[in-house]
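One structure is given below, encoded as structure tokens.
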Amino acid sequence: MTGHAVLLDLQGTVYEGDGLVPGADGAVAALRDAGHAVRFVTNTDSQDSPSIVDRLRGMGLVLDAAELFTPVDAAVADLAPRGARVHVLATGAVRDQLAARLDVVGADEDPTHVLVGDVHDVLDYPALDAAFRAVLDGAELLALQHGRWFLRGGRPALDTGSVVAAIEHGAEITARTLGKPSTEFLRLALGTISPAPGPGRTWVVGDDRSSDVAMGRAAGVRTVLVRTGKFARQEHDGALPRPEHVVADVTELPVLLAGAEGAAG
């Protein structure tokens with residue numbers, strides 16, 4: 001790989017609502033044309049990967065399925081080599097995607113891991129209690145992502161991390177997070193790029209300082225915050241990590257990276 005690796009957040013960065021950020025498709029094409037490897041790294045854990053790809057293509061974004069990396073992909077990459085027996089608390093589509101690559105079992109079938117994702121449409125107390133009991137019996141608790149809230153239809157809604165917190169509190173343990181801001185998520189995403197780039201040639205770009213920027217800073221890679229998406233809600237929060245660069249939106253990335261290449265040269 002002669003260029004850089006650009007890990008692009010999706011919601012709030014590449015698209016907002018039901019449409020692309022104006023010019024996002026051209027910016028992504030320009031990044032590819034400049035020789036950069038693009039990966040769309042999202043914490044979306046309510047849909048299977050093919051559905052996400054189809055939605056993005058429906059918005060007009062050109063992408064290969066291999067360019068998308070989600071917490072579901074991270075779970076497969078992490079758990080498949082372990083021969084894990086996984087109890088999944090997530091949407092049916094996500095459970096099916098995981099079952100195609102992992103040994104997915106019931107909560108009463110001695111799972112080695114309990115994996116929690118988006119449960120907005122499937123959560124009830126029996127399901128939550130079953131997952132909780134499996135953790136008490138020794139299964140490791142994993143969160144596809146640990147976000148507190150997200151924007152659903154433009155309005156704040158509880159995210160996966162808030163559900164995981166209930167099990168954590170009851171079992172008095174801490175879940176291992178597979179999605180952003182875990183540096184393991186970043187490492188696994190970069191594992192899809194050959195050869196894997198070093199920190200100085202890796203960029204994390206997003207609208208969320210608590211996930212995108214936090215992950216990038218913890219991993220020692222370059223970080224870019226866009227002023228779209230969650231930016232305004234976090235702008236004055238001094239407790240959150242700050243990025244190296246702030247841009248109006250994703251369309252400014254090709255020029256920013258070209259300048260970095262020039263400075264390096």
Side-chain angles (χ1 to χ4, degrees), residues 7-11 39-53 55 65-107 109-123 127-128 130-132 134-135 137-148 150 159-168 171 173-193 196 204 206 211-212 214-215 218-219:
L7 307 186
L8 284 171
D9 174 54
L10 284 175
Q11 186 173 10
R39 290 294 181 271
F40 300 98
V41 291
T42 175
N43 260 358
T44 298
D45 59 344
S46 58
Q47 299 174 276
D48 60 276
S49 296
S51 296
I52 297 173
V53 170
R55 184 183 182 201
E67 291 180 309
L68 177 69
F69 196 80
T70 76
V72 181
D73 297 311
V76 170
D78 181 89
L79 295 172
R82 303 173 187 264
R85 293 168 50 80
V86 188
H87 176 62
V88 177
L89 187 59
T91 64
V94 166
R95 189 181 188 280
D96 289 346
Q97 182 179 346
L98 290 166
R101 298 287 304 279
L102 301 174
D103 185 10
V104 172
V105 301
E109 296 180 272
D110 195 25
T112 58
H113 298 77
V114 169
L115 181 62
V116 182
D118 184 288
V119 288
H120 270 81
D121 299 327
V122 298
L123 182 65
L128 191 60
F132 167 62
V135 171
D137 288 340
E140 182 184 7
L141 179 62
L142 304 177
L144 281 179
Q145 48 100 354
H146 215 285
R148 292 185 175 90
F150 68 106
D159 209 347
T160 298
S162 296
V163 177
V164 172
I167 302 175
E168 288 178 317
I173 50 89
T174 299
R176 180 160 63 92
T177 301
L178 295 171
K180 295 184 285 187
S182 166
T183 56
E184 183 69 2
F185 179 78
L186 185 147
R187 185 188 70 80
L188 292 169
L190 290 178
T192 68
I193 299 171
V204 173
S211 63
D212 304 305
M215 178 180 71

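By convention here, the first residue in the shown sequence is residue 1. From a predicted model like this one, the values you see are computed outputs, not experimental measurements.
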Counting C-beta onward and ignoring hydrogens, is there a side-chain heavy-atom pair between [X] and [Y] closer than 4.5 Å?
| X | Y | result |
| --- | --- | --- |
| V164 | T177 | no |
| R101 | L79 | no |
| D118 | V94 | no |
| L115 | L144 | yes |
| R176 | D78 | yes |
| V122 | V119 | yes |
| L7 | L190 | yes |

*Starting from the C-alpha separation in whole Å, work towards a yes-or-no answer on side chain to side chain contact (heavy atoms under 4.5 Å, CB included) for L98 and V86.*
CA-CA 9 Å; L98 290 166; V86 188; 6.0 Å; no
Working to the nearest 0.5 angstrom, can you tell me the gap between [X] [atom1] and [Y] [atom2]?
| X | Y | atom1 | atom2 | value |
| --- | --- | --- | --- | --- |
| T91 | D45 | OG1 | CG | 8.0 Å |
| L102 | R95 | CG | CZ | 11.0 Å |
| F69 | L8 | CZ | CG | 15.0 Å |
| N43 | L178 | CG | CG | 10.5 Å |
| R82 | E140 | CZ | CD | 6.5 Å |

*In sequence, state the C-alpha distance, the side-chain angles, and the governing distance for T160 and V116, and then conclude on side chain to side chain contact (heavy atoms under 4.5 Å, CB included).*
CA-CA 7 Å; T160 298; V116 182; 4.3 Å; yes
If you compare all heavy atoms of [X] against all heavy atoms of [Y], which two are closest, and at what distance to 0.1 Å?
| X | Y | value |
| --- | --- | --- |
| A189 | V41 | CB-CG1, 4.1 Å |
| F132 | A171 | CE1-N, 3.5 Å |
| D9 | G206 | CB-CA, 3.7 Å |
| L10 | F40 | CD2-CD2, 3.7 Å |
| P71 | Q145 | CG-CB, 4.5 Å |
| G106 | H87 | C-ND1, 3.5 Å |

*Quick check: does any side chain N or O of T70 sit under 3.5 Å from a backbone N or O of T42, one acting as donor and the other as acceptor?*
no
*With no hydrogens and no angle check, is any side-chain donor or acceptor of T112 less than 3.5 Å from a backbone partner on R85?*
yes
_With A77 via side chain to side chain contact (heavy atoms under 4.5 Å, CB included) - residues at least two apart_ = L188
*List the steps, then state whether side chain to side chain contact (heavy atoms under 4.5 Å, CB included) holds for L128 with V163.*
CA-CA 9 Å; L128 191 60; V163 177; 4.1 Å; yes
*Can T44 and Q11 be counted as having a side-chain donor-acceptor contact under 3.5 angstrom?*
no
